[in-house]
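Below: one structure, written as structure tokens.
When reading the values below, keep in mind they use all heavy atoms of this one structure, side chains included, and skip hydrogens, waters and symmetry mates. Every chain is numbered from 1 and lettered A, B, ... according to where its sequence line falls, protein lines coming before strand lines.
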Amino acid sequence: MSDKLIVTRFAPSPTGYLHVGGARTALFNWLFARHTGGKFLLRIEDTDLKRNTPTALRQVLSDLRWLGIDWDEGPEVGGPNGPYLQSERLEIYRSYADRLLREGKAYYCFDTAEELDAMRARAEAAKQGFVYPRPAVFPDEKEVARARAEGRPVAIRFVVDAPRGFVVDDLIRGKVKFGPGEVGDFIIIKSDGFPTYHFGVVIDDELMKVTHVIRGQEHLMNTPCHQALQDALGFRRPAYAHMSVTVSEGGGKLSKRERPASLRKAIEKNATADRAALAAAGGLTTEALEDFLRGDCMPDMPAVEAMAKLLGVELPEINIVDFFRSGYLPETMVNFLGFLGFNPGGEREILRREELVAVFDIDRLTKSNSLFDRRKLAAFNTEHIKMCDPEVLLRHFKAYLDEVHSPLRAADDAMLSRMLRICLGARTLAEIERKCRFVFADDETIEFDPAAVDKVLRKDGGVGVLPLVARRLGELKNVTAEAVEEILRGLAEEKQVGLGKVAQPLRVAITGTTISPPIFDAVDMLGIERTLKRIATAVRRFGSGTSE
RNA sequence: GGUCCCAUCGUCUAGCCAGGUCUAGGACACCGGGUUUUCAACCCGGCGACAGGGGUUCAAAUCCCCUUGGGACUACCA
């Protein structure tokens, strides 16, 4: 590593929630900066008026913070190289564009979208790559004025001059060559006056003193454009590392469209679903819903989620918030994402954040694409829940409960900590929440799982032991999990049966299901009074006529 | 269509750059068994890969070429 300060950045465009792909890019840049003691900065590339929203920006920042990815310069923290929103840097881009124009390294163009489409179609028909035909003489001010008057779009194109082609020296892939004439003149200032991505990154990376650019492989093809620009402007070249792409089960790049797509599939499969009710849930017209089903349009995320909830289908997590809402820990995400396309080489895979920072290295980034494996993610989460500091875990749990508006919010810290302790081994916080929910159910209107009742209380005659269990528990003066255990074990021994014969019926009686935390704790958490009440209810409802 | 990237168990990967120590290691998943008051967790065991074909070499998962397969880009999106 050189002695120079290393500066990396993450430069999202705020078009929606931060998704796993973006988070991984951010993470690698952050890890590299932290590993080398360099700086990590955040820049917002909000130059697409049509797609950016202010709420998306807030969401991206909060998602990064949730992951524990902090930035040394950027929105809300400031820094010497601001502003960090490209939309606030328009004069800067304009002045560089003017310079290029003056030097004959850029020129105005007035093509309409239709004309451009036609040119591209012709190129493809001729089995050629499309390269914009540079005019022999660049338009002058008069022609620009005329084009404007005619209502044509006026954009600025950069003159790509590379008789020997390009060589991108990539930290991961080595030297990647591009032949001359493969990169055409591209637009640097759009007709709305905003810079294109290519122009913005090159200028900002220079001005913000970025030394290393770690980004997705999808940008490898853009790099010659960036280098041409850097040369024309007399800029330094940052080092580039183009990482592998994360692909999804269906093949192809992991995309935000996956959630709406899987909702669409679910609706199609469920022919009996009430379309009108669905549309209403999503705040859509029925026509809009049909358009969506045909693939013509995409509703926004809240609409998609509302419809999924109504249908009772689980959408695959793709945005970072989705994972939060599904009960994953930020530590898990950092560890897992950090191992997608990176591997330190040892045999350990479960690493804490500091350990990951310590072992991270650009030249251990993988070349080939990787598949996002949700099962492995779940396994990682189990491990992180187990090794998480109890206090930190409690904080995560409370944040999760708030996010999903859980009834468990009513529990105090001692109770929540206990739930976490006895549910060790759970895959997600959601699983823990589900398991412990019974404590907050109403004693009278508890919901019974018919299969559980049938199997445990009826078929196995479990309801028969319940009165005796209730009597013994009622005699308890000092209720603790241990005391409950003693009673239940004693009872089982007396009746010459396994503990399961006593524990299962009790479990179904007080939770309505066969799944719960360890039964002794479950009774203790509920309290004897409520336990007895629930047993009585169960006996009343399922006892008559089935006693053997 | 054009350009570029990639290729080890089902999946994530170690090994490849500096060829022999690789009958290819780990993790997740899966299967079998154990533990057990449920679900998990836990313990033990098992299945399982160098895409194919040519070279180079005493020797190739490792180097070269071709084929095949996958992926990215091909926008006045980023």
Please report the distance, rounded to the nearest Å, between CZ in A:R215 and C1' in B:A72.
13 Å
Using modelled atom types and a 3.5 Å cut-off, is there a donor and acceptor pairing between side-chain atoms of A:D63 and backbone atoms of A:Y17?
no
NA contact type, A:I187, heavy-atom cut-off 4.0 Å: base, sugar-phosphate, or nothing?
base
Taking CG from A:N369 and C1' from B:C73, how many angstroms apart are they, rounded to a whole number?
13 Å
Considering only heavy side-chain atoms of A:A379, the closest of B:C28, B:C76, B:G15 is B:C28
Would you classify A:S516 as touching base, sugar-phosphate or nothing, given that sugar-phosphate means primed atoms plus P, OP1 and OP2, and contacts are heavy atoms under 4.0 Å?
base
Below 3.5 Å, does any donor atom in the side chain of A:K376 face an acceptor in the base of B:A29, or the other way round?
no
Could you measure between the two C1' atoms, the one in B:A40 and the one in B:A72, and give it in whole Å?
40 Å
With a 6.0 Å cut-off on the ring centroids, do A:Y197 and A:H226 count as close?
yes
Which nucleotide in the list B:U13, B:G71, B:U37 gets nearest to the side chain of A:L499?
B:U37
Nucleic acid contacts - residues 482-494 of chain A versus RNA chain B, non-hydrogen atoms under 4.0 Å:
A:R489
Please give the nucleotide sitting opposite B:C30 as a Watson-Crick or G-U wobble pair, both distances under 3.5 Å, or none.
B:G46
Rounding to an integer number of Å, can you tell me how far A:K177 NZ sits from B:C73 C1'?
20 Å
Are any non-hydrogen side-chain atoms of A:M419 and A:M525 less than 4.5 angstrom apart?
yes
What does A:H242 touch in the nucleic acid at a heavy-atom separation under 4.0 angstrom: a base, only the sugar-phosphate, or nothing?
nothing
Between A:F342 and A:F360, how do the two ring planes meet: parallel, tilted or perpendicular, split at 30° and 60°?
tilted
Within the 4.0 Å heavy-atom criterion, would you say A:R507 contacts the bases, only the backbone, or no part of the nucleic acid?
base
Which of the following nucleotides, B:A14, B:U38, B:G1, is nearest to the side chain of A:I515?
B:U38
Among the nucleotides B:C28, B:A78, B:C42, which one has an atom lying closest to any side-chain atom of A:R375?
B:C28
So A:G498, base contact, sugar-phosphate only, or nothing? Heavy-atom distance under 4.0 Å.
nothing
With a 3.5 Å distance limit and no angle check, can you tell me whether A:R534 reaches the backbone of A:I446 through a side-chain donor-acceptor pair?
no
For a quick test of reading the model: is some side-chain N or O of A:R427 closer than 4.0 Å to OP1 or OP2 of B:A29?
yes
Watson-Crick or G-U wobble mate for B:A7, both contacts under 3.5 Å
B:U68
Nearest to the A:K367 side chain among B:C30, B:C6, B:U3, which nucleotide is it?
B:C6
Looking only at B:A14, B:A78, B:U38, the nucleotide nearest the A:R364 side chain is B:A14
Counting the atoms with a prime plus P, OP1 and OP2 as sugar-phosphate, which does A:S370 contact under 4.0 Å by heavy atoms, base, sugar-phosphate, or nothing?
sugar-phosphate
Nearest whole Å is fine: how far is B:U13 P from A:F339 CZ?
11 Å
Which part of the nucleic acid, if any, lies within contact of A:F520, taking any heavy atom under 4.0 Å across all strands shown: a base, the sugar-phosphate backbone alone, or nothing?
base
Using the C1' atom as the reference point in each nucleotide, state the distance between B:C50 and B:A24 in Å, no decimals.
8 Å
When we call it a touch if two heavy atoms are under 4.0 Å apart, what does A:F130 touch: a base, just sugar-phosphate, or nothing?
nothing
Classify A:L371 by what it touches in the nucleic acid, base, sugar-phosphate, or nothing, heavy-atom distance under 4.0 Å.
sugar-phosphate
Hey, does A:H384 have a side-chain heavy atom less than 4.5 Å from the side chain of A:M333?
no
Base, sugar-phosphate or nothing for A:E182? Non-hydrogen atoms, less than 4.0 Å.
sugar-phosphate
Taking only side-chain nitrogens and oxygens of A:K253, does any of them come within less than 4.0 Å of OP1 or OP2 of B:C73?
yes
Is the A:F178 to A:F166 ring centre distance short of 6.0 Å?
no
Parallel, tilted or perpendicular for A:F336 and A:F372, by the 30°/60° rule?
perpendicular
Pair A:Y93 + A:F194: ring centers closer than 6.0 Å
no
Can you tell me the Watson-Crick or wobble partner of B:U38, both distances under 3.5 angstrom?
none
Closest to the side chain of A:K386, out of B:G1, B:A41, B:A78, is B:A41
Categorize A:P12 for me: base, sugar-phosphate, or nothing, with a 4.0 angstrom heavy-atom threshold over every strand shown.
nothing
Earlier contact from the 5' end, RNA chain B, for A:R173 and A:G341
A:R173
Hey, would you say the A:F199 and A:F186 ring centroids sit under 6.0 Å apart?
no
To the nearest angstrom, how far is A:M333 atom CE from B:C12 atom C1'?
15 Å
Does A:R348 have a side-chain nitrogen or oxygen under 4.0 Å from the phosphate oxygens OP1 or OP2 of B:G26?
no
Taking only side-chain nitrogens and oxygens of A:S368, does any of them come within less than 4.0 Å of OP1 or OP2 of B:G70?
no
Atom pair distance, as rounded to whole Å: CG in A:L340 and P in B:C12:
9 Å
Tell me if the aromatic rings of A:H242 and A:H219 count as close, with their centers under 6.0 Å from one another.
no
In whole angstroms, how far is the P atom of B:A75 from the CG atom of A:D117?
9 Å
To the nearest 0.5 Å, what is the distance between OG1 (A:T8) and CG (A:N29)?
4.5 Å
Rounded to the Å, how far apart are A:F380 CZ and B:C12 P?
13 Å
Using only side-chain N and O atoms of A:R51, determine if any of them is under 4.0 Å from OP1 or OP2 of B:A75.
no
Describe the nucleic acid contact of A:Q86 in one word from base, sugar-phosphate, nothing, applying a heavy-atom distance below 4.0 Å.
nothing
Between the side-chain atoms of A:E349 and the base atoms of B:G26, is any donor-acceptor pair under 3.5 Å?
yes
Which whole number of Å gives the distance between the P atom of B:G52 and that of B:U68?
16 Å
For A:K50 and B:C76, is the shortest distance between a side-chain N/O and OP1 or OP2 below 4.0 Å?
no
Can you tell me if A:R120 touches the phosphate of B:C76, counting only side-chain N or O atoms and a distance under 4.0 Å to OP1 or OP2?
yes
Is A:T511 touching bases, backbone alone, or none of the nucleic acid, heavy atoms closer than 4.0 Å?
nothing
Would one find a side-chain N or O of A:K190 under 4.0 angstrom from OP1 or OP2 of B:C77?
yes
Just compare B:A14, B:A78, B:A29 and give me whichever is closest to any side-chain atom of A:D48.
B:A78
Can you tell me the Watson-Crick or wobble partner of B:A14, both distances under 3.5 angstrom?
none
